[in-house]
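Right, one structure below, let's go through it.
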Amino acid sequence: NRPPVLTIDGPGGAGKGTISRLAAERLGWHYLDSGALYRLLGLSAVEQNIPVDDEAALCDLALALQIRFGAGHDESVYLEEREVSRLIRSEQAGTMASKVAALPGVRAALLDRQRRFRQEPGLVADGRDMGTVVFNDAAHKIFLTASAEERAERRYKQLIAKGIDAKIGDLLADIQARDERDSQRAVAPLRPADDAVVIDTTALSIEQVIEKVMDICKV
Ligand code: C5P
């Protein structure tokens with residue numbers, strides 16, 4: 001009997017990160033930010049001048065990547081022991097991430113690494129294919145979504161709050177391009193698992209969403 005998993009999938013900016021962290025905290029479970037793995041890989045590829053179409057080199061890199069996440073409230077992310085939390089949150093890193101994430105070999109190379117996060121007493125896994133592929137046997141599956149405009153607005157506020165410069169029009173265009181790439185790709189496209197509960201967060205507060213999520217985890 002393996003530790004329980006709550007999967008939270010959905011497009012970028014739907015609130016997965018915030019909701020997943022809160023849910024993990026309330027449940028006392030571990031948290032996996034799978035998007036960060038793709039972002040770290042994208043960043044590392046740029047730094048090592050590996051082109052996004054060199055699948056073999058990217059697979060090797062995905063297997064070799066040395067990654068560490070801060071524990072609990074510490075949201076730091078380390079690449080080869082270098083703190084890159086801010087660096088991986090840029091729109092450029094997000095775009096790179098979604099390009100390397102479209103390669104089947106890269107996704108396969110990151111599979112075991114993700115599954116190793118499943119430890120007692122449980123795991124909240126945040127991403128695009130947590131419920132459909134990586135943890136398809138999860139007990140609880142949620143698909144969080146919101147309109148593209150609302151997501152661009154949220155991303156904008158998030159970036160400004162972190163002191164990162166941004167333009168709302170650019171963010172909306174990036175979000176739409178990334179949605180398109182994530183949902184149209186051949187392998188593990190963005191879609192709700194058949195047994196996922198879909199929550200549209202466009203008009204909901206964080207508190208309202210987290211209440212719904214906790215209700216789903218009770219059943
Ligand atoms: O969630 P986040 O915006 O950090 O993800 C960055 C990119 O990584 C996504 O646009 C997507 O292409 C990719 N990704 C993925 N599968 C996941 C998580 C993220 O393909 N489980």
Side-chain angles (χ1 to χ4, degrees), residues 5-21 24 31-46 52 55 58-59 61-62 65 67 69 75-77 79 84-118 123-136 138 141-146 148 150-152 154-156 158-159 162 164 166 171-193 196 201:
V5 182
L6 160 64
T7 60
I8 304 190
D9 289 306
K16 284 174 296 152
T18 306
I19 298 302
S20 302
R21 280 179 197 282
Y31 168 58
L32 166 62
D33 175 3
S34 63
L37 298 179
Y38 290 95
R39 286 171 182 268
L40 286 161
L41 180 62
L43 172 67
S44 194
V46 169
V52 286
E55 188 165 358
L58 288 168
C59 288
L61 186 61
L65 223 51
I67 290 167
F69 290 103
E75 296 184 14
S76 311
V77 180
L79 175 61
V84 292
S85 322
R86 253 176 80 110
L87 218 49
I88 60 162
R89 293 299 150 203
S90 72
E91 289 306 300
Q92 192 204 359
T95 298
M96 269 306 292
S98 88
K99 287 184 178 166
V100 298
L103 304 170
V106 163
R107 305 199 70 84
L110 289 177
L111 212 48
D112 270 349
R113 200 189 273 271
Q114 296 176 84
R115 289 183 174 149
R116 284 200 295 271
F117 281 81
R118 183 177 202 163
L123 175 69
V124 178
D126 155 356
R128 301 291 186 289
D129 62 341
M130 299 296 99
T132 50
V133 178
V134 183
F135 303 106
N136 58 3
K141 299 185 185 180
I142 289 170
F143 191 84
L144 277 194
T145 167
E150 173 69 19
R151 288 185 283 131
R154 290 181 191 168
R155 191 72 104 190
Y156 178 77
Q158 218 175 37
L159 290 171
K162 286 184 183 165
I164 303 170
L171 291 177
L172 182 58
D174 282 349
I175 279 181
Q176 285 165 336
R178 196 131 65 88
D179 279 359
E180 172 82 14
R181 198 161 34 236
D182 289 351
S183 1
Q184 299 306 316
R185 71 184 174 212
V187 52
L190 174 65
R191 66 165 181 85
T201 73

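These numbers come from the heavy atoms of this one structure, side chains and all, not from hydrogens, waters or symmetry mates. Numbers here simply count residues along the sequence, with the first being 1. We count ligands from 1, going down the list as the structure has it; atoms in each ligand are counted the same way.
Taking every non-hydrogen atom of D182 and a distance limit under 4.0 Å, the qualifying atoms of ligand 1 come out as 9 (C), 10 (O), 11 (C), 12 (O). Close approach of ligand 1 to M130 (heavy-atom distance below 4.0 Å) involves ligand atoms 21 (N). Less than 4.0 angstrom separates some heavy atom of G127 from each of these atoms of ligand 1: 18 (C), 21 (N). Of all the atoms in ligand 1, the ones that sit under 4.0 Å from a non-hydrogen atom of K16 are 1 (O). Shown in contact with R39 at under 4.0 Å from a heavy atom are these atoms of ligand 1, numbered in order with element: 2 (P), 3 (O), 4 (O), 6 (C). The atoms of ligand 1 that sit less than 4.0 Å from any heavy atom of S98 are 10 (O), 12 (O).
Put simply, part of R185 is less than 4.0 Å from ligand 1, judged by heavy atoms. R107 counts as a contact of ligand 1, since one of its heavy atoms falls under 4.0 Å from the ligand.
What you find for V52 and L103 is that their closest heavy atoms are O-CD1, 3.6 Å.
There is no side-chain donor-acceptor pair under 3.5 Å between T18 and R154.
Between L87 atom CG and Q92 atom CD the span is 9.0 Å, to the nearest 0.5 Å. Atoms CZ and CG, on R115 and L110 in that order, are 11.5 Å from each other to the nearest 0.5 Å. Within the model, atoms CE of M96 and CG of L43 stand 8.5 Å from one another, a figure rounded to the nearest 0.5 Å. Atoms CG and CG, on D126 and L32 in that order, are 7.5 Å from each other to the nearest 0.5 Å.
Nearest-heavy-atom check against atom 13 (C) of ligand 1 across A125, P189, A14, A101 picks out A101. The heavy atom nearest to atom 5 (O) of ligand 1, out of those in Q114, R128, R89, is found in R128.
Here the heavy atom of the protein found nearest to atom 7 (C) of ligand 1 is A97 CB, 3.7 Å. In terms of protein heavy-atom proximity, atom 8 (O) of ligand 1 is closest to Y38 CB, 3.6 Å. In terms of protein heavy-atom proximity, atom 19 (C) of ligand 1 is nearest to G35 CA, 3.5 Å. Of the protein's non-hydrogen atoms, S34 OG, 3.4 Å is the one closest to atom 18 (C) of ligand 1.
Contacts between R178 and ligand 1 below 4.0 angstrom, taking non-hydrogen atoms only, involve the side chain exclusively.
Sorted by first and then second residue, the salt bridge (charged side-chain N to carboxylate O under 4.0 Å, His left out) pairs with a member in residues 179-189 read R128-D182, R151-D179, D182-R185; sequence neighbours excluded.
Using a 4.5 Å heavy-atom cutoff, the side chains of L61 and V100 are not in contact.
Counted within 6.0 Å of CZ on F69, heavy atoms from surrounding residues, nucleotides or ligands total more than 12; the atom is thus considered enclosed.
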Step by step, work out the salt bridge (charged side-chain N to carboxylate O under 4.0 Å, His left out) result for D174 and R155.
CA-CA 11 Å; D174 282 349; R155 191 72 104 190; over 6 Å; no

